[in-house]
Enquirer: 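To start, I am sharing the structure in question, which I have written as structure tokens.
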Amino acid sequence: MERKEECKVSANEQPKDAGKEREQRLEKLERLRELGVNPYPYRFQRTHSIAMLKENEEQISASESQVAIAGRVMSLRKHGHTAFGNIKDNTDTIQFYIRDDEVEEAEFEVFKLVDIGDIIGLWGGLFRTKTGELTLRVKKLEMLSKSLRPLPEKWHGLQNKELRYRRRYLDLIVNDDVMDVFIKRSKIMETMRQFLLSHHFLEVETPILQPIYGGAAARPFVTHHNALDIDLYLRIADELYLKRLVVGGMERVFEFSRDFRNEGMDKSHNPEFTMMECYAAYWDYNDMMGFVEEMISQISTTVLGDTKIIYQGQQIDLAPPWNRLKFFDAIYEKLGKDIRGLNEGELKGIADEKGLDTEGVKGNAALIDLLFSELVEPGLVQPTFIMDYPIEISPLAKAHRSEEGLVERFEPFVAGMEIGNAFSELNDPLDQRARFEEQTRMRAEGADETHPIDEDYLRALEHGLPPTGGLGIGIDRLVMLLADSPSIRDVILFPQMRPEEGRD
RNA sequence: GCACCGCUAGCUCAACUGGUAGAGCAACUGACUCUUAAUCAGUAGGUUCGGGGUUCGAUUCCCCGGCGGUGUACCA
């Protein structure tokens, strides 16, 4: 038929990286069609997942009923008239046993054309082999999707990290622990969503394409809208939009926000990442602190069954209450002196004294930030809220109610990793305007990651934002923590990579 | 961005100070009716990341480039 013609055409367009095995599998595909078998049928009615099959072994064996399962063939041990193999679905893997005198002749012919990697459906009953392994005794089988490429090797699996990230589908097939990480990721987000919903937060969606980016200090990606003929930015945060919604009367909102930052990549930074931001009217940052430790410990309990976790060999307990440590006190603990009120030269002197690289670090805020991140951060293994940050580096946070020069802001740290950011939101529109203007002044002096003025946001504030507590949690980092992953690439299905093409 | 390391068969890895590029798994042919890293006999499989150089001879040494990893810097 015409179909076969098409097949031959595509077979001629053999990809260079596929090798001879692909050709051999294409031949098998042809032979299946000659046998009147569609190698890519439309559906298959399963009676059980493999996990359910194993759970209900006794009942199924006793009733001698037939079951139907489907999955990918992971191994084959052929013995002439019989064969053993293993088939894997999303839940588990099970051995199957097929013999030519127990299935129809034509189906055994089909079976002979089955390769490792093919997706097949099997009907049969359960039995135990003489070595005691639970096995499906095949009465009937169906090809569900013929695989044209070989699976990675069966006991070393896929090791090459580049291939694992680029061909995540293979990584998932072959490395069960990878699947587990992403199941965990899903559960973490689901638990967080439920937690927020149960506290009467409303889930919303706000623009990813923004005419003015804001809500964080970062360089944006720029894109262009043709019909409007304007440049737009991919959001670096959804903060300013969510607070507009609070102005609008949505007293509690949240969004799982894919954010984009045009900056370097390393084991805790991917150019696109997921942040959960939420805002609650009439809360301050103290309320939010309690909320965070409650939420994270509940997620850990729900997903892992415990608040005690191990991250990269470090024992960590996420049970509330978490440590609370003021920003400058934390530095004082490490330095033995109070750096508040010191001028730039003095700060630089201290940094140099500590052997820190101050090359290119300009301004008090940057120096203070350097001291903090070098001296304090790595030591914050047990969950700790660092609170009350300098006002210069927090243009969206409300001035501290009792401490000059500080804002009511905290960041939760676990395992030396910053996993979020929160504050009593700045709702004084005049103060907010002054802060934006200060940012603009810093930009003029050469800081390239300052907040642009967002007049529409200021207008919204002038209509009145209630006192509000706001929070952002880095989902990727939270998943790293709970899945014990050393790199953000291990918790993002398709981490950013240079294109494979374009090699010389 | 910089430094170091890596890139060899579909996959996992070898190949000494430069001397014909090899194994296991996967694949192919044959044997085999409870195997499980099935076994046994045989077969095929390579632009050694790309380009240039040194050399009688380069997977190996040198240079340029690509991709990745790790560290570091920048960055929430």
Enquirer: Take atom P in B:C7 and the same atom in B:U54, then report the distance between them in whole Å.
Expert: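 The answer is 25 Å between these two P atoms.
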Enquirer: Applying a 3.5 Å limit to both distances, which nucleotide forms a Watson-Crick or G-U wobble pair with B:A31?
Expert: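 Base-paired to B:U39.
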Enquirer: Once you round it to whole Å, what is the distance between P of B:G69 and CG of A:L163?
Expert: 11 Å
Enquirer: Is B:C75 paired to anything, Watson-Crick or G-U wobble with both distances less than 3.5 Å, and if yes, which nucleotide?
Expert: none
Enquirer: Rounded to whole angstroms, how far apart are NZ on A:K130 and P on B:U33?
Expert: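 After rounding, the gap between these two atoms is 13 Å.
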Enquirer: Between the protein and nucleotides 23-26 of chain B, which nitrogen or oxygen pairs are less than 3.5 angstrom apart?
Expert:
residue	atom	partner	partner atom	Å
B:G24	N2	A:E153	OE2	3.3
B:A26	OP1	A:K154	NZ	3.1

Enquirer: Check for me whether A:K78 meets the cation-pi criterion with A:F111, that is, NZ or CZ under 6.0 Å from the six-membered ring centre and within 45 degrees of the ring axis.
Expert: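 That pair qualifies as a cation-pi contact.
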Enquirer: In whole Å, measure the gap between the P atoms of B:A31 and B:U70 for me.
Expert: 50 Å
Enquirer: Considering only the C1' atoms, how many Å lie between B:G6 and B:C49, rounded to the nearest integer?
Expert: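 The same atom, C1', in both gives a distance of 11 Å.
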Enquirer: Under 4.0 angstrom, heavy atoms only, what part of the nucleic acid is A:F413 near: base, sugar-phosphate, or nothing?
Expert: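 Since no nucleic acid heavy atom lies under 4.0 Å of A:F413, the category is nothing.
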Enquirer: Check whether A:R435 reaches the backbone of A:A397 with its side chain - one donor and one acceptor, N or O, closer than 3.5 Å.
Expert: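 A pair under 3.5 Å: yes.
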Enquirer: Identify, between A:R77 and A:D115, the residue whose nearest nucleotide on RNA chain B lies closer to the 5' end.
Expert: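 On the 5' side of the pair lies A:D115.
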Enquirer: Under a 3.5 Å distance rule, please check whether A:T135 uses its side chain to pair with a backbone N or O of A:E133 as donor and acceptor.
Expert: yes
Enquirer: Record whether the side chain of A:Q95 comes under 3.5 Å of the base of B:U35 through a donor-acceptor pair of N or O atoms.
Expert: yes
Enquirer: Determine the minimum heavy-atom distance between A:L493 and A:P495, stating which atoms define it.
Expert: O-CD, 3.4 Å
Enquirer: Quiz question: going by heavy-atom distance under 3.5 Å, is there a donor-acceptor pair between the base of B:C74 and the side chain of A:D266?
Expert: yes
Enquirer: Without decimals, in angstroms, what is the distance between A:Y169 OH and B:C11 P?
Expert: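 Spelled out: OH on A:Y169 to P on B:C11 is 11 Å.
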Enquirer: Return the pairing partner of B:U60 with a 3.5 Å limit on both distances, Watson-Crick or G-U wobble; otherwise return none.
Expert: none
Enquirer: Rounded to the Å, how far apart are A:Y165 OH and B:U70 C1'?
Expert: 11 Å
Enquirer: Rounded to whole Å, how long is the line connecting atom CG of A:N160 with atom P of B:C7?
Expert: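 The answer, rounded to whole Å, is 11 Å.
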Enquirer: Can you tell me how far P in B:U59 sits from the matching atom in B:G1, rounded to whole Å?
Expert: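 These two P atoms come out 30 Å apart once rounded.
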Enquirer: Return the minimal non-hydrogen interatomic distance between A:F413 and A:L380, and the atom names on each side.
Expert: CG-CD1, 3.5 Å
Enquirer: When the P atoms of B:C25 and B:U72 are compared, how many Å lie between them, rounded to an integer?
Expert: 41 Å
Enquirer: Whole angstroms only, please: what is the CZ-P distance between A:R489 and B:C67?
Expert: 14 Å
Enquirer: For A:E377 and B:C75, give me the distance from atom CD to atom C1', rounded to whole Å.
Expert: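 One finds 12 Å between C1' of B:C75 and CD of A:E377, rounded.
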Enquirer: Counting only Watson-Crick pairs (N1-N3 plus N6-O4 or O6-N4) and G-U wobbles (N1-O2, O6-N3), all under 3.5 Å, who is the partner of B:A15?
Expert: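 Here B:A15 is not engaged in any pair, so there is no nucleotide opposite it.
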Enquirer: If I pick the C1' atom on B:U60 and the same atom on B:C16, what distance separates them, to the nearest angstrom?
Expert: 11 Å
Enquirer: Can you give me the closest heavy-atom contact between A:L136 and A:V67, atom names plus distance?
Expert: CD1-CG2, 3.5 Å
Enquirer: In whole angstrom, give me the gap between the P atoms of B:A15 and B:U8.
Expert: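 Taking atom P in both B:A15 and B:U8, they lie 14 Å apart.
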Enquirer: Any base atoms under 4.0 Å from A:A83, or only sugar-phosphate, or nothing? Heavy atoms, all strands.
Expert: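 Touches nothing.
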Enquirer: Counting side-chain heavy atoms from CB outward, which of B:C11, B:U35, B:U70 is closest to A:K161?
Expert: B:U70
Enquirer: Please check if any side-chain donor atom of A:N262 sits under 3.5 Å from a side-chain acceptor atom of A:Y233, or the reverse.
Expert: no
Enquirer: Could you tell me the Watson-Crick or G-U partner of B:U20, where both distances fall under 3.5 Å? Say none if there is no partner.
Expert: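 Pairing partner: none.
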Enquirer: Of A:Y97 and A:G157, whose nearest nucleotide on RNA chain B comes first from the 5' end?
Expert: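 Mapping each residue to its closest nucleotide by heavy atoms, the 5'-most match is A:G157.
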Enquirer: Take atom CZ of A:R498 and atom P of B:G65, then tell me their distance rounded to the nearest Å.
Expert: 13 Å
Enquirer: Quick check for you: among B:C28, B:G71, B:C11, whose closest atom lies nearest to any side-chain atom of A:K267?
Expert: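 My answer, after comparing the listed nucleotides, is B:G71.
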Enquirer: Side chain of A:E374, heavy atoms from C-beta onward: which of B:A38, B:C75, B:A73 has the nearest atom to it?
Expert: B:A73
Enquirer: Searching all strands shown, indicate the nucleotide that pairs with B:G46 (Watson-Crick or G-U wobble; both distances under 3.5 Å).
Expert: none
Enquirer: Name the closest nucleotide to the A:T129 side chain, picking from B:C67, B:C28, B:C34.
Expert: B:C34
Enquirer: Any strand is fair game: report the nucleotide pairing with B:A3 by Watson-Crick or G-U wobble, both distances under 3.5 Å, or none.
Expert: B:U70
Enquirer: Quick one: look up who B:G10 pairs with, Watson-Crick or G-U, both distances under 3.5 Å, and put none if it's unpaired.
Expert: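 Checking every strand shown, B:G10 finds its partner in B:C25, with both distances under 3.5 Å.
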Enquirer: Between A:L134 and A:I94, what is the shortest heavy-atom contact and its length?
Expert: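 Shortest heavy-atom separation between A:L134 and A:I94 comes out as O-CG1, 3.8 Å.
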Enquirer: Taking the C1' atom in each of B:U48 and B:G66, what is the distance between them to the nearest angstrom?
Expert: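 Here B:U48 and B:G66 have their C1' atoms 16 Å from each other.
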Enquirer: Under 3.5 Å, is there a donor on one side chain and an acceptor on the other for A:R409 and A:N421?
Expert: yes
Enquirer: Which residue in the set A:D171, A:I492, A:N160, A:D490 passes side chain to side chain contact (heavy atoms under 4.5 Å, CB included) when paired with A:Y165?
Expert: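 One option only clears the test, and that one is A:D490.
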Enquirer: When you get a sec, tell me which of B:U35, B:C11, B:C34 is the closest nucleotide to the side chain of A:P152?
Expert: B:C11
Enquirer: Among B:G68, B:C32, B:U12, which is the nearest nucleotide to the side chain of A:Q159?
Expert: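 Nearest to the side chain of A:Q159 among the choices is B:U12.
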